[in-house]
Structures are given as structure tokens and as C-alpha cells.
Q: 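Have a look at this one before I ask anything.
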Amino acid sequence: MTLARTSDPIVAIATASGRGAVGIVRVSGARLAPLIEAVCGRALKPREATYLPFRDAGGEPVDHGLAIHFPSPNSFTGEDVLELQAHGGTVVLQLLLARCLEAAAEAEPVNGRQRLPGLRVAEPGEFSQRAFLNGKIDLAQAEAIADLIDASTEAAARSAGRSLSGAFSREIHTLRDALIHLRMLVEATLDFPEEEIDFLQKADAAGQLVRLQSQLAAVQQRAKQGALLREGIKVVIAGQPNAGKSSLLNALAGAELAIVSAVAGTTRDVVSQTIQIHGVPLHVADTAGLRESTDEVEQIGVARAWGQIESADAVLFLHDLTRADQPDYAAADAEILRGLQGKLPASVPVLDVWNKHDAAPAAATPAQGIALSAKTGLGIEALREQLLAMAGWQSVPEGVYLARARHVQALGRVETHLALAASHLAAQAQLLDLLAEELRLAQNALNEITGEFGADDLLGVIFSRFCIGK
Ligand SMILES: Nc1nc2c(ncn2[C@@H]2O[C@H](COP(=O)(O)OP(=O)(O)O)[C@@H](O)[C@H]2O)c(=O)[nH]1
Ligand SMILES: [Mg+2]
């Protein structure tokens with residue numbers, strides 16, 4: 001996908017494929033008047049819906065529907081946009097799309113030049129990309145459009161809506177403005193070095209920087225929650241055979257997904273399911289029981305289990321409470337724990353979960369972790385709450401805006417540059433040019449979020465993941 005500011009006209013069916021009451025074909029480009037004339041048989045009043053026949057080349061109606069013309073710049077893309085709302089059948093929309101392409105090719109040349117050079121079918125995300133390139137929305141908002149469309153939970157949809165309306169971007173702009181103010185101070189001081197210490201002190205540069213850092217921390221906190229809502233975390237259930245791992249996955253998912261059996265070594269392949277807790281997606285993986293095995297297939301299953309564990313954001317280490325007091329059972333658990341500690345970074349939490357509480361003697365209460373019964377459901381709710389806490393979820397009263405891992409990473413870079421800036425400012429001999437440089441880098445990282453600073457290849461990646469017609 002090229003990111004040149006081209007405005008060659010593009011067309012796409014904007015609605016999902018399949019049957020529906022209404023389907024929309026959308027065209028965007030410069031000077032759509034000849035195309036409108038050809039398809040609608042007349043000029044259209046700006047931003048007004050007109051009911052009319054959409055005509056084929058012979059003047060016969062392809063369908064009847066509403067046509068709306070949004071002249072540039074007051075349109076979604078900032079270009080001329082034509083929206084044709086027809087009946088939502090696959091064939092009728094394909095006909096209408098083909099008619100637009102044909103009409104554009106036929107449109108009368110002016111002074112020997114085609115008025116609508118090469119109307120073509122839009123690439124995924126191309127309408128949103130133009131809206132971004134024409135300054136109608138920033139990059140974070142464009143991403144929010146895709147996230148709103150892809151949202152799988154109500155919470156995700158609501159927070160994507162908030163990002164789309166600019167709530168996230170406004171916070172980024174507030175940070176940016178404070179940062180620019182501070183940069184101006186430092187740059188001015190660089191120009192008048194004899195006054196430097198005094199000048200920065202009087203303007204309370206240090207205080208400004210501290211306030212900026214605390215504002216940033218608040219935005220980071222909310223963006224992390226937003227990214228969590230969008231991306232979720234990966235939870236792996238691990239433990240010895242027969243501890244009840246498959247039963248636990250089923251209990252959490254509320255469905256019989258994984259095969260449960262008293263035969264140890266039943267689960268060989270990884271079974272994954274995404275569950276939602278308060279709208280937060282958790283990708284839960286059930287794995288083969290961890291033990292030495294001579295069975296070749298089971299060995300592969302165990303290797304896959306360790307592979308899953310290595311990529312986990314959190315691990316549920318499942319134990320069988322009815323066997324917990326058996327020395328060889330405890331020894332095997334200790335062996336697994338050593339494996340977990342060897343493979344997992346310290347930041348990945350491991351929660352001890354004691355299953356089969358229903359069948360265990362009353363005296364058997366674990367010293368730590370959660371006791372539950374995958375069979376009766378007792379304790380599952382407590383586990384769900386614990387999982388949310390492990391994921392780092394805290395409901396934010398003002399509402400979360402949907403964010404992406406990309407945003408969280410950029411904010412992390414801003415944090416690093418501000419910390420370095422603070423250390424230069426606090427140094428005995430203030431290193432003003434280094435301070436200025438860190439502040440500049442902090443601003444660049446911030447601008448990556450809204451797309452005011454960034455590489456073209458990043459934009460290509462973001463927009464190519466959109467659906468066609470958006
Ligand atoms: N009493 C009792 N039995 C359970 C519970 N959870 C699982 N089981 C039984 O333990 C056996 C192994 O369960 P499964 O989920 O296949 O364990 P996995 O090998 O760890 O996946 C099966 O016979 C289950 O019915 C529980 O909470 N209570
Ligand atoms: Mg199993």
C-alpha cells in the first residue's frame with residue numbers, strides 16, 4: 001500500500017457481504033460530478049439524501065435507493081464522497097460497484113483528459129487512511145474505527161467509541177502541549193546561556209517536569225487498561241495429569257470444550273478458549289499434564305505445554321487437593337515448580353489452584369492460593385476475580401478508552417525520556433543540550449500515537465488490517 005497523498009478515486013462496497021435490508025457502495029475522490037451525473041442521472045444537493053434510480057449504461061435502473069453527495073472537504077475522507085444506499089444483496093451491490101467503475105471510465109473527457117482518471121476498487125482501510133492523511137482524524141482515532149468494528153465485548157466497543165470521539169487523543173495533546181511549553185523554556189535557555197540556572201529555576205522547570213510525569217502516569221494507567229480490554233492476556237493452565245485442568249477450562253468457559261477423563265494423559269494437544277471476565281478477554285489454554293512419558297504423542301503434548309507456558313502472561317498451577325499429601329505427588333509438583341521458575345520471567349504471576357475441593361477431606365486446606373472444585377463450580381467465581389487482578393485490571397471510574405499495545409509502548413518510551421530529562425535537569429552541572437534532546441525524543445514518541453510523527457511502514461501495517469470499504 002502506498003501512502004502518497006493520492007486522490008485517485010476509489011470505490012468499495014462498504015457494508016458486510018451477505019444479505020441485508022440495505023447495502024452501501026461508497027466512492028471517494030476528487031471531482032465526482034461526472035460519475036454522479038452518470039449513475040444518478042442528475043446533480044445532487046450536498047449532504048441531502050435523494051431517492052432515485054441508479055442507472056446502468058442504457059439508462060435502465062440497476063436498483064432504486066438513496067444517493068448522498070458529500071462535497072470536499074466536508075466528508076469522512078475530506079474528499080468528494082458519494083454514498084449509494086441500495087438493497088443489501090450481494091449481486092445487486094456488485095452490479096452497482098461495476099456500474100460505478102464503468103461510468104467513471106465512460107465519463108466524458110474534458111479537453112482530452114479523463115475527468116475521473118482510473119476509478120479503482122479501494123484497498124482495505126483506504127477510506128480511513130485518506131481521512132487520516134487529509135487531517136480529518138488522527139492515527140489513534142483511525143485505529144479506534146477498526147477496533148470499534150472488531151470489538152467483541154460491550155466494554156471494548158464503548159471504549160473504542162471513546163477513543164474514536166477523541167478522548168484518548170485529547171489526553172495525548174494535553175501532554176504534548178505541556179511538553180512543548182517545557183521545551184520552549186529549555187530551548188530559550190540554550191540561546192541565553194549566561195542566565196540559564198536562574199531562568200529555569202524561576203520558571204519552575206523542575207516542577208513542570210514533575211507534573212508532566214504524573215500526568216503521563218495517569219494516561220499510561222488508562223491506556224494499559226484500554227490495551228488490556230482490546231488484547232486481553234494469555235492464561236495457561238498447567239499441572240500434573242488428572243489434576244483437573246481440562247475440567248477447569250470447561251468450568252471457566254461454561255462449555256465442554258476439552259475432553260475430561262480419569263485416564264491420565266488424555267489431553268495431548270493444546271485447547272484454547274477466549275473467555276470474558278467483566279469484558280476483559282482472557283485467552284485460556286488447557287495443556288497436557290506435565291510428566292515424564294514414554295508415549296511419543298504424549299511427549300509432544302508435554303513439549304507443547306511448556307511452549308504455551310513460555311508465552312503465558314499468567315499461569316494457573318493446578319494441584320489435586322485429594323492427592324496433595326502424597327509424597328511422590330508433592331515431589332512431582334515441586335519438580336514442575338522448578339520448571340516454571342526456570343522458564344518464566346519473574347513478572348509472570350503463577351497462581352496455585354487446588355482443585356477437587358469437593359472430594360478432599362475437610363482438613364485439607366492449602367496454605368496459599370485458591371481452593372475450588374471444577375466439578376461443582378465452588379470457588380470458580382473467586383478464581384475469575386483473581387484472574388482479573390492478575391491481568392492487572394482495575395476499573396477506571398472515568399471510563400477507559402481503547403488503546404493498543406503500540407500506544408502503551410510509545411507511552412513507555414515517553415516515560416523513559418522524561419526520566420532521563422529529569423536526571424539531566426537535576427544534575428549539578430545541568431546538561432541543557434542533553435535535556436533538550438530527551439524532551440524532543442519524548443515528544444516524538446508521543447506524536448507517534450496520533451501519527452504526527454511516524455514511519456510510513458507503520459501506517460501501512462495499521463491500515464492494511466482494516467476491512468475493505470472502511
Ligand atoms: N471430585 C472431583 N473430580 C474432579 C474435579 N475436577 C476434575 N475431576 C475429575 O478428575 C479427572 C481428571 O480430570 P481432567 O479435567 O481430565 O484432568 P486433566 O488431566 O488435568 O485435564 C476426571 O475424572 C474428572 O472428572 C473436581 O473438582 N472434583
Ligand atoms: Mg486434560
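When a ligand or atom number is given, it counts from 1 through the structure's own listing order.
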Q: Only heavy atoms of Ala374, strictly under 4.0 Å: list the atoms of ligand 1 that pass.
A: 6 (N), 27 (O)
Q: Do Lys245 and Asp286 meet the salt-bridge criterion of a basic N to acidic O distance under 4.0 Å?
A: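 Here Asp286 does not pair with Lys245 in a salt bridge, since their nearest N and O are not under 4.0 Å apart.
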Q: Thinking salt bridges, do Asp147 and Arg162 make one under a 4.0 Å N-O criterion?
A: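 Arg162 and Asp147: not salt-bridged.
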Q: Can you find an N/O atom of Pro241 closer than 3.5 Å to an N/O atom of ligand 1?
A: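 No: no nitrogen or oxygen of Pro241 is under 3.5 Å from one in ligand 1.
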Q: Please work out whether any backbone atom (N, CA, C, O) or any side-chain heavy atom from C-beta onward of Val260 is under 4.0 Å from ligand 1, and answer side chain, backbone, both or neither.
A: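 It is both parts that get close, each with some atom under 4.0 Å.
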Q: How far is atom 1 (N) of ligand 1 from its nearest protein heavy atom, and which residue and atom name does that atom have?
A: Asp358 OD2, 3.0 Å
Q: Which of the numbered atoms in ligand 1 are under 4.0 angstrom from any heavy atom belonging to Ser246?
A: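 What qualifies from ligand 1 is 15 (O), 18 (P), 21 (O).
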Q: Tell me the closest heavy-atom pair linking His407 and Phe168, and the distance in Å.
A: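 Minimum heavy-atom separation between His407 and Phe168: ND1-CE2, 3.5 Å.
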Q: Honestly, is Arg99 close enough over Phe54, meaning NZ or CZ under 6.0 Å from the six-membered ring centre and within 45° of the axis?
A: no
Q: Does any N/O atom on His357 come nearer than 3.5 Å to any N/O atom on ligand 1?
A: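 No - when backbone and side-chain N and O of His357 are compared with those of ligand 1, no distance drops under 3.5 Å.
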Q: Under the criterion side-chain hydrogen bond (donor to acceptor under 3.5 Å, both in side chains), I'd like the reasoning laid out for His357 against Ser373: C-alpha separation, chi angles, the key distance, then a yes or no.
A: CA-CA 5 Å; His357 191 264; Ser373 166; over 6 Å; no
Q: Nearest protein heavy-atom contact for atom 12 (C) of ligand 1: which residue, which atom, what distance?
A: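 For atom 12 (C) of ligand 1, the nearest protein heavy atom is Asn242 OD1, 3.0 Å.
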Q: Return the residue, atom name and 0.1 Å-rounded distance of the protein heavy atom closest to atom 16 (O) of ligand 1.
A: Ser261 N, 3.1 Å
Q: Ligand 1 versus Ala359, non-hydrogen atoms closer than 4.0 Å: side chain, backbone, both, neither?
A: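 Side chain only.
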Q: Return the residue, atom name and 0.1 Å-rounded distance of the protein heavy atom closest to atom 7 (C) of ligand 1.
A: Ser247 OG, 3.2 Å
Q: Should Arg222 and Glu171 count as an ion pair when the cut-off is N to O under 4.0 Å?
A: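 Salt bridge flag = yes for Glu171 with Arg222.
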Q: Any idea which part of Asn355 is under 4.0 Å from ligand 1, heavy-atom wise: side chain, backbone, both or neither?
A: side chain
Q: So, regarding Lys245 and ligand 1 (criterion: nitrogen or oxygen to nitrogen or oxygen, under 3.5 Å), is there a contact or not?
A: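 Min N/O separation from ligand 1 is below 3.5 Å for Lys245.
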Q: Are the side chain of Asp63 and the backbone N or O of His87 linked by a donor-acceptor pair below 3.5 Å?
A: yes
Q: For Thr376, is at least one N or O under 3.5 Å away from an N or O on ligand 1?
A: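 Not met; the criterion fails.
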Q: Give the residue and atom name of whichever protein heavy atom lies nearest to atom 8 (N) of ligand 1, and the separation in Å to one decimal.
A: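 Looking at atom 8 (N) of ligand 1, the protein heavy atom closest to it is Lys356 CE, 3.7 Å.
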Q: Could you pull out all residues at least two apart from Asp325 that satisfy salt bridge (charged side-chain N to carboxylate O under 4.0 Å, His left out)?
A: none
Q: Between the side chains of Arg120 and Glu126, is the shortest nitrogen-to-carboxylate-oxygen separation below 4.0 Å, so that they form an ion pair?
A: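 Judged by the 4.0 Å cut-off on N to carboxylate O distance, Glu126 and Arg120 do form a salt bridge.
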Q: Could you tell me whether Glu448 and Arg406 make a salt bridge, using a distance below 4.0 angstrom between a side-chain N and a carboxylate O?
A: no
Q: Checking Thr153 against Gln276 for the side-chain hydrogen bond (donor to acceptor under 3.5 Å, both in side chains) test, could you report, in this order, the C-alpha distance in whole Å, the side-chain angles of both residues, the deciding distance, and whether it holds?
A: CA-CA 8 Å; Thr153 67; Gln276 287 167 23; 5.2 Å; no
Q: Check whether any heavy atom of Gly289 sits under 4.0 Å from an atom of ligand 1.
A: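 Heavy atoms of Gly289 never come under 4.0 Å of ligand 1.
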Q: Gln85 pairs by side chain to side chain contact (heavy atoms under 4.5 Å, CB included) with which of Leu66, Thr15, Val25?
A: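 With Gln85 as partner, Leu66, Thr15, Val25 yield a single side chain to side chain contact (heavy atoms under 4.5 Å, CB included), made by Leu66.
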Q: Short question: side chain of Gln141, backbone of Ser169 - any donor-acceptor pair under 3.5 Å?
A: no
Q: Quick one: name the protein N/O/S atoms under 2.8 Å from the Mg ion (ligand 2), chain by chain.
A: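 Sorted hits: Ser246 OG, Thr267 OG1.
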